[in-house]
Amino acid sequence: MKRKPEKGLETRAVHGPHIGASGAMSTPIVHSATFSFESLDDMVVEQEQTSAGAFYQRQGHPTIHAVEERLAELDDAEAALLFPSGMAAISTTFLALLRSGDHVVCVDPCYGGTQALLQWGKERFGWDHTFVDSRKPAAFAAAFRPNTRLFHLESPINPTLACFDIAAAARLGHERGAVVSIDNTIASPIGQAVHALGCDLALYSATKSLGGHSDLLAGVVTGSRAHVTPIYETRKVFGPIAEPTMAWMLERSLKTLPLRVRAQNANALELATRLSGHGDVAQVFYPGIPKHPSHAIAAQQMREGFGPLLSFEVRGGAEAALRVVNALRVIRHGASLGGVESLASLAAYTSHKMIGLEGRQRCGIPEGLVRVSAGVEDVNDLWADLEQALAKAVAVGA
Ligand SMILES: *Cc1c(COP(=O)(O)O)cnc(C)c1O
């Protein structure tokens, strides 16, 4: 089922599976929306090639396919599909898997868009779902029902970076007859090999670390051929396929993915460590910090560090956190993560606005929480920026 990786991560990222196939170092961008054939027989052969085919762009396409092959190889999976956004990848996967009356168990708090999708499916398609607290894996089993079709995971969880034992969760899902999917956007395929941990489907917002330069919107699904084929069929029905130029941009980004992820993860760990010793910081949330409740399990199942995201609670609460973010100069204030540029955001105004104060309290998200996605800048500049912003925020508050 799983591909055995024959080459190291960097080699797979740089070359992809077709080293030297055409002689071109960079995959040619084929813009053609349709393709012509010498004979009906030739056309039928292409038509049946699923995503590999050069038949009609919505079904598959040479440029997109080259990137899909590289993504599959990077994630130790048989197959990958590329979508025009992370939400297109997640929603097409759910549409492929779920019928009316099916039940989903989903870790809480999962990505807000995924919560909205589950609510949409409940109202329009008769799906049902139960959220389970990601910090209490012992309670996961109780949420399953005979009609549970999908167990949807996310670890680490934004913005508290709580992690749970992914392999144990995947075993539980399989025992109960569910398909196990995981949104592995935060760690990326470099930071967490989720197929080796037993997940059936890995989902990515490629807008984040995979793209990595805040200049494209994309989504990816990887898994065994058997798991990915129904999603391919669903993509054909609804039509959310990536277009060739974006696919090429993503492929270009993938070549430096291991380098970027390692640099981001190293910067995140350094910032989290320094913030832990800062007097104006009440609490640091980063699984790389030995004090973090998920440190042991994260150290076991993550690799190449602990991800680019860290959060910290500023003394002085929501107002102080807002002043910190407004005072940052090198670290830019904006939503998103995983790019080469460091970004800061306030969970209460972005990713966790929708769930309200009560929802944030339920998930253990303090109001004074600042989330930082570490980029690849010089860590001393990032630290100096955080120090001056904290000093300003506290001086005003005093
Ligand atoms: C951004 C994000 C998504 C959604 O991806 P888009 O590319 O914005 O559609 C899904 N899951 C996680 C964890 C994300 O961070």
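All ligand and atom numbering here is 1-based and tracks the order in the structure.
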Taking a hydrophobic cluster as the set of Ile, Leu, Val, Met, Phe, Trp and Tyr residues connected by side-chain heavy atoms closer than 4.5 Å, whether directly or through intermediates, do Leu382 and Phe312 fall within one such cluster? yes
If you define the side chain from C-beta out and look only at heavy atoms, does anything of Thr148 sit under 4.5 Å from Arg176? no
Side chains of Asn158 and Tyr111: donor-acceptor distance under 3.5 Å anywhere? no
Start with the C-alpha distance between Ser85 and Thr207, add both sets of side-chain angles, then the distance that settles side-chain contact (heavy atoms from CB on, under 4.5 Å), and finish with yes or no. CA-CA 7 Å; Ser85 73; Thr207 315; 5.5 Å; no
Does any N/O atom on Ile90 come nearer than 3.5 Å to any N/O atom on ligand 1? no
When you look for heavy atoms under 4.0 Å from ligand 1, do you find them on the side chain of Ala218, its backbone, both, or neither? backbone
Ring centres under 6.0 Å, that's the criterion: do Phe151 and His174 meet it? no
Identify the closest protein heavy atom to atom 7 (O) of ligand 1: which residue and atom is it, and at what distance? Thr207 OG1, 2.6 Å
For atom 9 (O) of ligand 1, which candidate among Met87, Lys208, Glu154 provides the closest heavy atom? Met87
Ligand 1 versus Leu217: contacting region, heavy-atom distance under 4.0 Å: side chain
Show, in sequence, the C-alpha distance, side-chain angles and deciding distance for Phe83 and Arg235, and conclude whether the side-chain contact (heavy atoms from CB on, under 4.5 Å) test is met. CA-CA 8 Å; Phe83 291 84; Arg235 186 178 73 177; 3.6 Å; yes
With respect to atom 5 (O) of ligand 1, which of Ala89, Ser205, Ala88, Ser91 exhibits the smallest heavy-atom separation? Ser205
Would you say the side chain of Leu343 lies within less than 4.5 Å of the side chain of Ser336, judging by non-hydrogen atoms? yes
Short list, please: which atoms of ligand 1 are under 4.0 Å from a heavy atom of Ser85? 7 (O), 9 (O)
List the closest protein heavy-atom neighbour of atom 10 (C) of ligand 1: residue, atom name, distance to the nearest 0.1 Å. Tyr111 CD2, 3.3 Å
Students should be able to answer this: which protein heavy-atom is nearest to atom 11 (N) of ligand 1, and at what distance? Asp183 OD2, 2.7 Å
